[in-house]
Amino acid sequence: MTDRPFIIEIADEVDPAAAPPVPDLLPEGRAMQGAARIAGARASGLARFAGWAFGALFSFILSVAVWDFVTGLLARNSALGFIAMLLLAAAVLAAVLLALREALAFSRLARLDHLRAEVTGATDLATARKVAGRIRALYAGRADAAWALARLKEREGDVLDPDAVLMLTETELMAPLDAAALREVEGAARQVATVTALVPLALADVAAALFANLRMIRRIAEIYGGRSGTFGSWRLLRRVFGHLLATGAVALTDDLIGSLAGGGVLSKLSRRFGEGVVNGALTARVGLAAMEVCRPMPFAALPRPGVTQTVSRALAGLIQRGG
């Protein structure tokens, strides 16, 4: 048997130039979108009931086991049982103190919301000065606000208009706090951009973005006088993401990606580095929303920080190095 060549004849020649172009996919900021979905997710009624039931059952079983352990140890050895009782009392005291700290954190956050509502509703001079006094009392013991409080005390007597009283209070007290909050936002945006650009693991970059945003929001709350606890910070994170995702996760990124792409920034970056830039831009947007949520006064006398300017300052050096 002789080997013969096997020939395949192609009737029509394929023109490579006629092939459709490969789509140029822009980065989407998947790490921040994943973090937003986690923070904004709401459990169903059945899930909340199941969580409460299993938590109550676990707490009951743990309490009975600890009680049986302590009483049994007391029956066997009084000295060891006394030590176990002291440790149990210390654990209970620590739990009570943690609960009180969280309760105080929630009350401080509620105080900021109440002050913001009072500022909006102040229409006469007496009410405006009363609200301004409460805002001054909020920062009375802080060293970083001492100079601003002194200037405000010198000038408040010369103002006789309610709007002017509130504008003077905002200008003197909120300006340094806004600057400190913006530094936190820019630092968190750079961190998220760097980490999500360098970490190739999907779940790892989502966790890093979520942790960085949670810490950023907690620091912003502390700057404005909230000093939120663990649960308070998570509640703030949910509030901020819930506000931003009111129009959907896609709308959260479309304008930012469009502005970056329109400026030719993403076209100069690699796919992974572009993802980091978009994640950093989304973090900056979350931080600006957190400033509005935590601020005791709405933006009126001072301009509201813009997303584009904040992103440009936060990621300027990063984009230059990446480009």
Note to self: I'd like to check the salt bridge (Lys or Arg N to Asp or Glu O under 4.0 Å) partners of R136; sequence neighbours left out, ordered by chain and number.
What the structure shows: E156
Notebook entry, point to check: Where do V165 and A132 come nearest, in terms of heavy atoms and distance?
Noted result: CG1-CB, 4.0 Å
Next item on the list: Please list, chain by chain and in numerical order, all residues satisfying side-chain contact (heavy atoms from CB on, under 4.5 Å) with A284, sequence neighbours excluded.
Entry: V185, A189, T310, V311
Next item on the list: State the CG-CG distance between L288 and D178, to the nearest 0.5 angstrom.
Entry: 10.5 Å
Checklist line | side-chain contact (heavy atoms from CB on, under 4.5 Å) against D161, all qualifying residues, sequence neighbours excluded | finding: D163, A164
Item checked: Linked, directly or transitively: L168 and F299 (ILVMFWY side chains, under 4.5 Å) -> yes
Check: How many angstroms lie between CE in M297 and CE in M167, if you round to the nearest 0.5 Å?
Finding: 10.0 Å
Checklist line | Step-by-step side chain to side chain contact (heavy atoms under 4.5 Å, CB included) determination, V286 to I217 | finding: CA-CA 8 Å; V286 171; I217 291 176; 4.1 Å; yes
Checklist line | Those residues that, when tested against R134, pass salt bridge (Lys or Arg N to Asp or Glu O under 4.0 Å) (two or more places apart) | finding: E118
Notebook entry, point to check: Atom CG of N213 and atom OG1 of T283: how far apart are they, to the nearest 0.5 Å?
Noted result: 4.5 Å
Item checked: Spacing of CG belonging to L115 relative to OG1 belonging to T120, to within rounding of 0.5 Å -> 10.5 Å
Next item on the list: Considering non-hydrogen atoms only, spot the tightest contact between R142 and Y224 and give its length.
Entry: NH1-C, 4.2 Å
Next item on the list: Please name all residues satisfying side chain to side chain donor-acceptor pair (under 3.5 Å) with R111, sequence neighbours left out, ordered by chain then number.
Entry: none
Check: Testing M216, E222, R218 for side-chain contact (heavy atoms from CB on, under 4.5 Å) with I220, which one passes?
Finding: M216
Margin query: Show the nearest heavy-atom pair for residues P305 and L182, with the distance to one decimal.
Written below: CB-CD2, 3.9 Å
With a 3.5 Å cut-off and sequence neighbours excluded, list the donor-acceptor pairs that the side chains of residues 76-86 form with protein atoms.
| residue | atom | partner | partner atom | Å |
| --- | --- | --- | --- | --- |
| N77 | OD1 | A79 | N | 3.0 |
| N77 | OD1 | L80 | N | 3.2 |

Next item on the list: Report the residues that fulfil side chain to side chain donor-acceptor pair (under 3.5 Å) with T127, sequence neighbours left out, ordered by chain and then residue number.
Entry: D124
Margin query: Can you confirm whether L112 sits close enough to L138 that some side-chain heavy atom of one is under 4.5 Å from a side-chain heavy atom of the other?
Written below: yes
Return a table of donor-acceptor pairs under 3.5 angstrom between the side chains of residues 57-75 and protein atoms on other chains or two or more places apart.
| residue | atom | partner | partner atom | Å |
| --- | --- | --- | --- | --- |
| S59 | OG | G55 | O | 2.8 |
| S63 | OG | S59 | O | 2.8 |
| T71 | OG1 | W67 | O | 2.8 |
| T71 | OG1 | D68 | O | 3.1 |

Check: Do L302 and I135 belong to the same hydrophobic cluster, where Ile, Leu, Val, Met, Phe, Trp and Tyr are linked whenever their side-chain heavy atoms lie under 4.5 Å apart, directly or via other members?
Finding: yes
Check: What residue pairs, at least two apart or across chains, pass salt bridge (charged side-chain N to carboxylate O under 4.0 Å, His left out) with a residue in residues 167-177?
Finding: R151-E172, R155-E172, E170-R295
Item checked: side-chain contact (heavy atoms from CB on, under 4.5 Å) partners of A110, counting only residues at least two apart -> none
Notebook entry, point to check: Between atom CG of L149 and atom CG of L173, what is the distance when rounded to the nearest 0.5 Å?
Noted result: 5.5 Å
Next item on the list: Nearest 0.5 Å please: distance from the CG atom of L152 over to the OG1 atom of T169.
Entry: 5.0 Å
Note to self: Hydrophobic clusters here meaning ILVMFWY residues chained together by side-chain heavy-atom distances under 4.5 Å, can you tell me if L282 and F211 are in one?
What the structure shows: no
Margin query: Which residues pass the salt bridge (Lys or Arg N to Asp or Glu O under 4.0 Å) test with R215, not counting sequence neighbours?
Written below: none
Notebook entry, point to check: What residues, two or more places apart in sequence or in another chain, satisfy salt bridge (Lys or Arg N to Asp or Glu O under 4.0 Å) together with D113?
Noted result: R116, R239
Next item on the list: Could you check if a side-chain atom of P296 sits within less than 4.5 angstrom of a side-chain atom of V119, using non-hydrogen atoms only?
Entry: no
Next item on the list: Give the minimum heavy-atom separation between A212 and A188, together with the two atoms involved.
Entry: O-CB, 4.5 Å
